[in-house]
There are 2 protein chains.
Amino acid sequence: MKGIRRLAQQLDISIGTVSRALNGKPDVNEQTRARVLEAAAAMGYVPNQAGRSLREGSTKAIGFTIESGTDTAGNGDNFFLGVIDGVQAVFSRHHLDLVVLPCSTEEDPSQYLRRMVARGMVDGMIISATHRRDARIELLANARLPFIALGRSGTPGPHPWIDLDFEGVANRGIDRLVAKGHRRIAVGLPSNDINLGFVFFEGYKAALARHGIPFDPTLVIRAGSSEQGGYQIAHELLNLPERPTAVILIYEMMAIGLYRRLNEAGVRPGRDIAVIGFREGPQSRFLSPPLTCFRLSLRDLGVALGESLMASMPAYAEIYPQGLVRRIWPLELVPGESDDFTIPR
Amino acid sequence: MKGIRRLAQQLDISIGTVSRALNGKPDVNEQTRARVLEAAAAMGYVPNQAGRSLREGSTKAIGFTIESGTDTAGNGDNFFLGVIDGVQAVFSRHHLDLVVLPCSTEEDPSQYLRRMVARGMVDGMIISATHRRDARIELLANARLPFIALGRSGTPGPHPWIDLDFEGVANRGIDRLVAKGHRRIAVGLPSNDINLGFVFFEGYKAALARHGIPFDPTLVIRAGSSEQGGYQIAHELLNLPERPTAVILIYEMMAIGLYRRLNEAGVRPGRDIAVIGFREGPQSRFLSPPLTCFRLSLRDLGVALGESLMASMPAYAEIYPQGLVRRIWPLELVPGESDDFTIPR
DNA sequence: TAGGGCTTCGTAAACGTTTCGGAGAAAAAT
DNA sequence: ATTTTTCTCCGAAACGTTTACGAAGCCCTA
């Protein structure tokens, strides 16, 4: 005899009453409830999740899919660990557990997601690293599983997302560089079709146009989102017939490799070329020279993600007013010395 | 009508036969099996996990618990993403899925683990960041859930683990420093009671003893595992009446903050003090000067973890010979310039 | 032709939980 | 005193799956 049955037998009441007592249902004598609660605690009873979710159709768990592997995300652990901490702060208030579902580098993300959805392990999903056209979004919509995307997507149909302010970053970064006299400004973009690359690129082009700077495709370098990618970007820029005077990068990790290649060529960031990175990482301030980049609170972003997902879960409609969230997350400029290089007029 | 029932109805055979066909059981006509498989694929049938695991008592999923939050792990980089990728490579061969269970910074890790085990969501567990006396180990042993720890522990009772070669690192690091004439060698340790701190400390003391260097408790600094911790370590070392000539750090992240504080004081690593870090991170080579540290393959470590867990799961006894794994994972020295500082005799 | 073995399939039970409908008793209303 | 309401509780069904058991049909042997 196991589970609730054992508990009921020991207390000599029916399993139905035990269940109602445990779940705070009204029609149970308060004295009985106290006995049940005490006995449950005493024998360390915890409801079997399989049984419960089979009956309930819900699992009290939320999934957060990321890509595993060390070079894919363009973000160190700390990005996801930070965001997750915020997400958890929201969910724990409602006794929802967060499970992180890492998609192997060897598997197609949408196939993976399909499996995970089919598993029926979660009541909602947070997806990250959205692509330009992301099959996962259609998949989740079809499965009618509440979800929110960390990152916009060009996928048709309304779906909730929160995304970083890539246009704003591109705008402010380029404004800053133009103010220092730069006009040949290169951009380092991801080589895959992750959507943020497109968004950032659009912001870049718009900012240039605003300043009346003609767009030069040779200044657009696409590379992997890792340190190696940054190295490659620097390499290509150095080989350009007419070298840019400034570069803005989509990933901070790229800055590390970019610095390395520039140093090899005797080109010092901040003195011979202006560099602006994107999201501030642990090492940004400790690069030499410190990287000018943009900061955001990972935890706050996680909280926003969590609350927005709640807002699309019908089961919590009373607590979180339902609605379709589409939100641009602001970032704060962190001035370093990597863009000190100024072009005299 | 849903699930297997719908499939059976459509094919006009019993659900039992459908189930057996799907699961590759022998007593089903091959022609029938083909029909079932085809129909299942056509209507995108996937077995409900709750129903299955209720019946089976197994879930075909493995848990990997880590600590969320950005400053707790001491790994500001891709440590977990790298390890997870290796773990997944093993499990995917057996159609086991990996779920990462991040313990919030606000919750007690063993309470959290208890909940996750009780959830019955996983057939096995990998725990990380083991402590000196780790309640989670006893908990998992009592629950008879197969598990392996990434990190040793002083917890009594036999349990499987894989751990980095902290003694080896301490030994080789100190040998290297002593060979350069250092005798006042400080050590930066974590401030919490994570077990690796003790192991590293023991290795440090043993290595000193081997060289006949008296142990000086004032050279042992405990701090948070983040960049801030490293800053604090440097600060305390600088304030010592007799400053050490070398320092060895348990976390690479500490090196970043340590460098910062040292630079503020005009003390240059590699010239005025020798610094050795522990695990190589993405930025180790790009610190100025490059950090002397130790390297390991995260993915290989993950593979070893996965295979070792398999070896403690009775259900896979034919494939992976059962046994209690206790393994020290080697690291490779990566010479930098941070320990170039030599003491003349 | 009777019986035994093999193949294939259907039936039903079981996993642990929640909840619906109702039952019995006590309390309240008539 | 009878009816109605209220308070507790019980029994049973249901969620979707797997599997033990048995039955039916067939082929083969004696």
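The sequence lines fix the lettering, A, B, ..., with proteins before strands; numbering per chain opens at 1.
Among residues two or more places apart in sequence or in another chain, the side chain to side chain donor-acceptor pair (under 3.5 Å) test is passed with A:Tyr45 by none. For B:Gln111, the side chain to side chain contact (heavy atoms under 4.5 Å, CB included) partners two or more places apart in sequence, or in a different chain, are B:Glu107, B:Asp108, B:Arg114. Evaluation of the side chain to side chain contact (heavy atoms under 4.5 Å, CB included) rule for B:Gln9 yields B:Met1 as partners, not counting sequence neighbours. A search for side chain to side chain contact (heavy atoms under 4.5 Å, CB included) contacts involving A:Asn142 returns nothing, not counting sequence neighbours. Every residue two or more places apart in sequence or in another chain that forms a side chain to side chain contact (heavy atoms under 4.5 Å, CB included) with A:Glu56 is listed here: A:Arg52, A:Ser58.
One can place CG of A:Leu22 at 7 Å from P of C:dT18, the figure rounded to the nearest angstrom. Look at NZ on B:Lys25: it is 18 Å from P on C:dG10, rounded to the nearest Å. Nucleotide C:dT19 holds its C1' atom 10 Å from the CG atom of A:Asn23, rounded to whole Å.
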Please tabulate, for the side chains in residues 302-316 of chain A, all donor-acceptor contacts under 3.5 angstrom to protein atoms that are two or more places apart in sequence or on a different chain.
{"unit_1": "A:Ser308", "atom_1": "OG", "unit_2": "A:Ala304", "atom_2": "O", "d": "2.6"}
{"unit_1": "A:Ser312", "atom_1": "OG", "unit_2": "A:Leu309", "atom_2": "O", "d": "2.9"}

Tell me which donor-acceptor pairs under 3.5 Å the side chains of residues 18-25 of chain B have, and how far apart each pair is, sequence neighbours excluded?
{"unit_1": "B:Arg20", "atom_1": "NE", "unit_2": "B:Asp27", "atom_2": "OD1", "d": "3.4"}
{"unit_1": "B:Arg20", "atom_1": "NH2", "unit_2": "B:Thr17", "atom_2": "OG1", "d": "3.4"}

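Within a heavy-atom distance below 4.0 Å of DNA chain D, the residues of residues 37-62 of chain A found are A:Leu54, A:Arg55. Across residues 9-19 of chain A, A:Ile15, A:Gly16, A:Ser19 each have a non-hydrogen atom less than 4.0 Å from an atom of DNA chain C (numbered order).
Comparing the axis of the opening five pairs of the helix from C:dT1-D:dA30 to C:dT30-D:dA1 with that of the closing five pairs yields an angle of 60°, rounded to 10°.
Using a 4.0 Å heavy-atom criterion, one finds that B:Asp27 contacts the bases of the nucleic acid, with or without backbone contacts as well.
Of all nucleotides in DNA chain D, those with any atom nearer than 4.0 Å to a heavy atom of chain A start and finish, going 5' to 3', at D:dT8 to D:dG16.
Residues B:Glu106 and A:Ser92 bring no donor and acceptor atom of their side chains to less than 3.5 Å of each other. Counting only N and O atoms by type, the side chains of B:Thr105 and A:Asp85 include a donor and acceptor under 3.5 Å apart.
Within the structure, every pair that satisfies the side chain to side chain donor-acceptor pair (under 3.5 Å) test and touches residues 31-43 of chain A, not counting sequence neighbours, is listed here: A:Glu30-A:Arg33.
Salt bridge annotation for A:Asp163-A:Arg152: present, with a cationic side-chain nitrogen under 4.0 angstrom from a carboxylate oxygen.
Taking both residues in full, the closest heavy atoms of A:Ala143 and A:Val117 are given as CB-CG1, 3.9 Å, listed atom of the first, atom of the second, then distance.
Below 30°, between 30° and 60°, or above 60°: for A:His159 and A:Phe147 the angle between ring planes is below 30°, a parallel geometry.
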